[in-house]
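Everything numeric here is computed off the predicted structure, so don't read it as measured data.
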Amino acid sequence: MMNQHCFFVTGTDTDAGKTYVSALLLQGYAALGITALGAKPLAAGAEHAADGSLQNSDALLLQQYSGIALPYAQHNPVCLAEPAAPHLVAAAASIRLDEPQLTAHLQQLQQTLAQRILIEGAGGWLLPLSDKRYLADWVLEHQLPVVLVVGIKLGCINHAMLTVRELERSGASILGWVANIISPEMLYLAQNIADLQARIKAPLLATVPHAPTEPHQVAFDLVQALERQLVVR
Ligand SMILES: Nc1ncnc2c1ncn2[C@@H]1O[C@H](COP(=O)(O)OP(=O)(O)OP(=O)(O)O)[C@@H](O)[C@H]1O
Ligand SMILES: C[C@H](N)[C@H](N)CCCCCC(=O)O
Ligand SMILES: [Mg+2]
């Protein structure tokens with residue numbers, strides 16, 4: 001399909017704000033009139049829906065803000081009940097996290113009319129799938145460019161630089177990073193963000209305030225910045 005772009009949203013850690021920022025991006029795309037689809041291929045932490053199937057709250061949010069209505073399983077094909085490291089939850093249930101299943105799911109999304117496909121990771125960049133494989137390996141194999149959400153809190157400089165170094169070392173394409181303020185009381189908040197901006201070569205797409213008073217404006221600015229990066233590719 002013409003002009004379809006697919007990208008992966010990773011974070012400096014679990015709870016960095018990948019889903020929060022992804023929801024803003026999907027809202028921004030809706031405002032721009034661009035059909036965008038959000039998915040979380042692998043989720044851990046889920047509740048039973050009315051029909052007895054497991055549903056993860058991140059995936060439900062991505063489904064809610066997607067510009068195309070798809071069945072839940074298209075937004076989240078692999079859903080594990082316990083909110084823990086997915087490979088460990090899978091091992092406890094004697095199941096294997098199946099990369100071909102993730103790939104088949106991605107290919108299905110690419111067959112839709114979505115102009116933008118946002119794939120949210122789980123945890124941070126080096127999220128294990130097995131003893132040998134990480135979700136990052138799958139992302140690299142599929143050459144998905146990456147948006148890094150940095151959860152701005154004390155300790156985030158180390159987390160961000162470790163992640164950026166590994167993204168660069170592995171040859172990932174970094175569209176940009178988002179400063180997501182999860183700890184608004186942090187001392188030297190603005191200086192932390194400026195410091196990261198000086199250290200990270202990839203562009204700062206946007207700073208997302210904590211509980212922004214103007215979420216639509218934040219979403220709009222964020223998506224415009226991301227679009228500027230996507231069109232130069
Ligand atoms: N900018 C923000 N303002 C207010 N709340 C936020 C912000 N960013 C994140 N949060 C809240 O912090 C919590 C963690 O964020 P989120 O669920 O987006 O993290 P995540 O990186 O997607 O985590 P996971 O690894 O579980 O997918 C959520 O309750 C979310 O609503
Ligand atoms: C349950 C949680 N919210 C995430 N979905 C999974 C986080 C896994 C972290 C694994 C790790 O890096 O230690
Ligand atoms: Mg999430």
Side-chain angles (χ1 to χ4, degrees), residues 5-22 25 37-45 56 58-59 62 75-80 82-91 95-110 116-152 155-180 182 196 199-205 226 229-230 233:
H5 289 282
C6 185
F7 58 89
F8 184 81
V9 177
T10 192
T12 41
D13 196 0
T14 188
D15 287 340
K18 298 181 299 297
T19 307
Y20 194 90
V21 168
S22 296
L25 279 168
L37 180 56
K40 173 127 179 156
L42 172 58
N56 166 265
D58 289 9
L62 298 176
H75 294 276
N76 175 215
V78 181
C79 187
L80 304 166
E82 292 171 298
H87 69 302
L88 300 180
V89 179
I95 56 175
R96 206 167 42 86
L97 298 175
D98 185 18
E99 284 187 59
Q101 188 184 356
L102 301 183
T103 299
H105 169 245
L106 177 64
Q107 288 166 349
Q108 281 170 13
L109 298 184
Q110 289 171 329
R116 302 290 179 268
I117 300 170
L118 179 161
I119 305 288
E120 183 191 337
W125 176 240
L126 289 184
L127 187 280
L129 293 176
S130 68
D131 292 355
K132 298 188 177 60
R133 297 279 294 177
Y134 292 91
L135 188 56
D137 299 322
W138 179 85
V139 173
L140 291 164
E141 256 173 37
H142 293 281
Q143 299 184 3
L144 301 179
V146 175
V147 172
L148 170 63
V149 176
V150 177
I152 300 293
C156 70
I157 297 175
N158 172 55
H159 283 153
M161 297 320 298
L162 285 170
T163 307
V164 168
R165 277 202 177 176
E166 179 58 14
L167 284 163
E168 289 175 351
R169 187 204 62 77
S170 61
S173 162
I174 312 174
L175 288 163
W177 66 283
V178 178
N180 183 45
I182 53 177
L196 281 169
R199 290 174 198 278
I200 300 175
K201 281 202 286 288
L204 170 60
L205 299 174
L226 178 57
Q229 296 306 312
L230 284 171
R233 268 143 221 275

Residue pair His87 / Ser130: nearest heavy atoms and the distance that separates them: CB-N, 4.3 Å

I need the [X] [atom1] to [Y] [atom2] distance, nearest 0.5 Å.
| X | Y | atom1 | atom2 | value |
| --- | --- | --- | --- | --- |
| Leu140 | Tyr134 | CG | OH | 13.0 Å |
| Leu135 | Trp125 | CG | CH2 | 7.5 Å |
| Leu42 | Leu127 | CG | CG | 6.0 Å |
| His142 | Gln110 | NE2 | CD | 8.5 Å |
| Thr12 | Lys18 | OG1 | NZ | 8.0 Å |
| Trp177 | Asn180 | CH2 | CG | 11.0 Å |

From CA spacing to verdict: side-chain contact (heavy atoms from CB on, under 4.5 Å), Ile182, Tyr20: CA-CA 10 Å; Ile182 53 177; Tyr20 194 90; over 6 Å; no

Can you tell me if [X] uses its side chain to pair, donor with acceptor, with the backbone of [Y] under 3.5 Å?
| X | Y | value |
| --- | --- | --- |
| Asn76 | Val78 | yes |
| Asn56 | Gly45 | yes |
| Asn158 | Gly155 | no |
| Lys40 | Ile119 | no |

Worked verdict on Val178 versus Val9 for side-chain contact (heavy atoms from CB on, under 4.5 Å): CA-CA 10 Å; Val178 178; Val9 177; over 6 Å; no

Enclosure of Arg96 CZ (heavy-atom neighbours >12, cutoff 6.0 Å):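 Open.
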
Gln108, CD atom: more than 12 neighbouring heavy atoms under 6.0 Å: yes

side-chain contact (heavy atoms from CB on, under 4.5 Å) between Trp138 and Leu144, intermediate numbers included: CA-CA 9 Å; Trp138 179 85; Leu144 301 179; 4.1 Å; yes

Tell me, do [X] and [Y] make a side-chain contact under 4.5 Å, heavy atoms counted?
| X | Y | answer |
| --- | --- | --- |
| Leu196 | Cys156 | yes |
| Arg116 | Leu226 | no |
| Leu129 | Asp137 | no |
| Val150 | His159 | no |

Worked verdict on Arg169 versus Glu166 for salt bridge (Lys or Arg N to Asp or Glu O under 4.0 Å): CA-CA 5 Å; Arg169 187 204 62 77; Glu166 179 58 14; 2.7 Å; yes

